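What you see is a predicted model; the values in this text were computed from it and never measured. Position 1 is the first residue of the sequence; numbering continues from there.
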Amino acid sequence: MTRPRRLNICDGWYHVWGRGVNRGLIFEDEADRKRFLEILGASTERYGILVHAYVLMDNHYDLIAQTPEGNLSRAMQWIATSYSMWHNRKHGRIGPLFQGRYGSSIVEDSRWAYELSVYLHLNPVRVAAYDRGKRRRKAERAGISRPPRTEQVSAQLEATREYRWSTYRSYGGYESGEKWVTRRVLLGRACRGPKAEQQAAYRRNVQGWIKRGVEATRAEQFGDRLAVGSEAFIERLKKSAGKLRREEAGKGRMRRKWSFREIAEAVENEKGAAWEEFRNRYGDWGKGHVYWFARQLCGMTLKEIGQASGGVDYAAVSDVLRRYERALSSGRTLRREKVNITRRFWNLET
């Protein structure tokens with residue numbers, strides 16, 4: 001059985017999750033959680049993804065991520081591999097740590113991502129210990145559950161507020177949180193005004209969910225679904241996914257849709273200069289853009305890229321690509337150019 005194709009969307013919003021194999025632990029102690037967060041933070045620099053929120057539980061994690069460069073698969077593969085190798089060495093275990101590949105749902109926009117973030121931040125209290133387990137959720141779906149009792153609400157509010165392994169404490173204004181987490185967009189959805197007012201509004205929203213009880217119909221919108229959003233958005237996405245499956249006959253053929261000349265023209269449009277002008281200009285990363293996209297979208301070999309560039313040796317092409325990817329990790333302007341070029345190809349395809 002073939003695996004379903006991942007939809008990697010430029011500037012896409014995603015709900016991402018990973019679970020332990022056979023429901024086993026992926027975080028056994030505090031050091032495990034800290035290491036996972038270090039790797040997650042490094043991915044924001046390495047791959048340019050934006051992490052808006054997260055929650056780490058014992059046997060799974062949830063993220064809200066945005067992908068300016070449309071590279072979620074590459075980023076999550078690196079995160080899972082890096083953490084699994086470290087975890088297995090530390091705990092003396094062998095074999096897969098995660099239950100298959102990561103799971104993901106495409107989120108329609110920041111409005112839906114905001115609601116999703118509240119739902120994720122309630123993860124620590126949606127367990128049987130706080131009467132939020134499967135039995136209660138089944139009762140909610142049947143419409144026969146009662147509102148949480150006062151002592152339950154108090155316990156859940158405290159548990160959510162004190163839980164260290166999610167972004168809720170920083171969203172609620174209890175701590176500053178990691179610098180690599182992007183909070184501005186979703187906090188801006190809480191209310192207009194200064195940051196402190198946004199954090200207070202976010203706290204009230206979370207507290208309101210707890211006091212009312214998480215409505216089953218709302219909760220089911222954020223489960224393991226193809227997408228999170230309006231019904232119209234989900235239907236459009238289903239049609240797009242079906243079209244991709246019908247038209248895809250292999251990754252190699254898909255990558256060769258674009259020619260080297262088309263790649264160069266896209267970079268020319270972004271830079272406002274001709275390929276011949278910046279091709280051999282010292283310190284100009286336009287050539288790096290062209291080489292990188294030629295590899296990714298054309299499937300060209302180093303030798304083919306060198307020939308298309310006017311007879312450049314393949315070793316020189318390799319050196320440019322190596323220096324280009326290193327420069328991306330610290331160059332915000334360069335990353336933004338790369339995102340803009342990527343969007344050009346995304347717009348052409350859609």
Side-chain angles (χ1 to χ4, degrees), residues 6 12-21 23-28 32-41 43-44 49-67 72-73 75-80 83-84 87 97-128 130 132-134 137 156 159-172 177-178 180-183 185-187 189 202 205-206 209-210 214 216 218-229:
R6 299 290 187 184
W13 288 80
Y14 293 89
H15 171 204
V16 184
W17 61 88
R19 299 187 179 93
V21 66
R23 300 183 180 181
L25 299 180
I26 58 175
F27 305 117
E28 299 187 32
D32 287 356
R33 292 175 171 82
K34 287 182 177 179
R35 181 56 180 167
F36 183 84
L37 292 180
E38 288 173 0
I39 293 171
L40 183 60
S43 72
T44 64
I49 66 172
L50 303 178
V51 175
H52 292 271
Y54 68 77
V55 59
L56 309 185
M57 304 302 289
D58 291 343
N59 64 355
H60 72 276
Y61 67 82
D62 287 274
L63 312 173
I64 298 177
Q66 192 179 3
T67 55
L72 180 67
S73 293
M76 295 310 303
Q77 181 182 22
W78 180 79
I79 291 169
Y83 179 71
S84 295
H87 184 276
L97 177 64
F98 292 101
Q99 182 180 300
R101 297 184 299 168
Y102 69 93
S104 65
S105 294
I106 300 174
V107 182
E108 183 169 0
D109 52 29
S110 61
R111 177 174 62 91
W112 284 91
Y114 174 83
E115 294 294 327
L116 175 62
S117 73
V118 175
Y119 176 77
L120 295 191
H121 286 148
L122 291 171
N123 246 335
V125 300
R126 283 202 310 275
V127 294
Y130 296 99
R132 304 298 302 171
K134 292 183 179 179
R137 291 199 294 272
Q156 291 168 19
T160 306
R161 183 174 61 249
E162 298 301 321
Y163 193 73
R164 296 174 52 200
W165 306 109
S166 83
T167 40
Y168 174 66
R169 288 181 56 78
S170 59
Y171 270 86
E178 298 90 349
W180 47 265
V181 174
T182 304
R183 303 173 185 84
V185 178
L186 297 189
L187 275 177
R189 285 281 181 183
Y202 195 91
N205 198 349
V206 171
W209 273 52
I210 291 176
V214 180
R218 295 290 298 281
E220 288 173 352
Q221 288 181 308
F222 304 126
D224 300 0
R225 305 182 63 189
L226 168 70
V228 173

Intermediate values then yes/no, side chain to side chain contact (heavy atoms under 4.5 Å, CB included), Asn123 and His60
CA-CA 11 Å; Asn123 246 335; His60 72 276; 3.9 Å; yes
Residues at least two apart in sequence or cross-chain that pass salt bridge (Lys or Arg N to Asp or Glu O under 4.0 Å) with Asp58, listed by chain then number, are Arg33
Quick check for you: to the nearest 0.5 Å, what is the distance between Ile26 atom CD1 and Leu97 atom CG?
6.5 Å
Determine whether Leu37 and Leu56 make a side-chain contact, defined as any pair of heavy atoms from C-beta on separated by less than 4.5 Å.
yes
Can you list the steps and then say if Ile39 with Trp78 is a side chain to side chain contact (heavy atoms under 4.5 Å, CB included)?
CA-CA 9 Å; Ile39 293 171; Trp78 180 79; 3.7 Å; yes
Here the pair of heavy atoms bringing Val118 nearest to Tyr202 is N-OH, 3.4 Å
On a heavy-atom basis, the closest approach of Tyr102 and Val16 is CD1-CG1, 3.7 Å
Over 60° means perpendicular and under 30° means parallel, so classify the ring planes of Phe27 and Tyr83, tilted if in between.
tilted
Looking only at non-hydrogen atoms, find the nearest pair between Gly24 and Asn59 and report the distance.
O-CB, 3.2 Å
Just wondering, do Gln66 and Thr182 contact through their side chains at under 4.5 Å, heavy atoms?
no
Stepwise side chain to side chain contact (heavy atoms under 4.5 Å, CB included) test for Trp180 and Ser43:
CA-CA 10 Å; Trp180 47 265; Ser43 72; over 6 Å; no
Counting only heavy atoms from other residues, nucleotides and ligands, does the tally under 6.0 Å from CD of Glu162 exceed 12?
yes
Could you tell me if Thr160 and His121 have a donor-acceptor pair between their side chains, going purely by distance under 3.5 Å?
no
Drop me the distance from Thr167's OG1 to Arg183's CZ, to the nearest 0.5 angstrom.
7.0 Å
Evaluation steps, side chain to side chain contact (heavy atoms under 4.5 Å, CB included), between Val185 and Arg189:
CA-CA 7 Å; Val185 178; Arg189 285 281 181 183; 5.6 Å; no
If you measure from OH on Tyr171 to CG on Asn205, what distance do you get to the nearest 0.5 Å?
12.5 Å
Kindly indicate whether the side chain of Val125, heavy atoms from C-beta on, has any atom under 4.5 Å from the side chain of Tyr163.
no
Distance in Å, Arg161 CZ paired with Ile210 CD1, rounded so as to fall on 0.5 Å steps
9.5 Å
Mind checking side-chain contact (heavy atoms from CB on, under 4.5 Å) for Ile64 and listing every partner two or more places apart, or none if nothing turns up?
Trp13, His52, Ala53, Ala113, Leu116, Ser117, Leu120
Can you tell me how far apart CH2 (Trp165) and NZ (Lys34) are? Round to the nearest 0.5 Å.
5.5 Å
Supply the atom-to-atom distance Trp112 CH2 to His15 NE2, rounded to the nearest 0.5 angstrom.
14.5 Å
Would you say the side chain of Ile106 lies within less than 4.5 Å of the side chain of Tyr14, judging by non-hydrogen atoms?
yes
Could you tell me which non-hydrogen atom of Gly18 sits nearest to which non-hydrogen atom of Phe98, and how far apart they are?
C-CD2, 4.4 Å
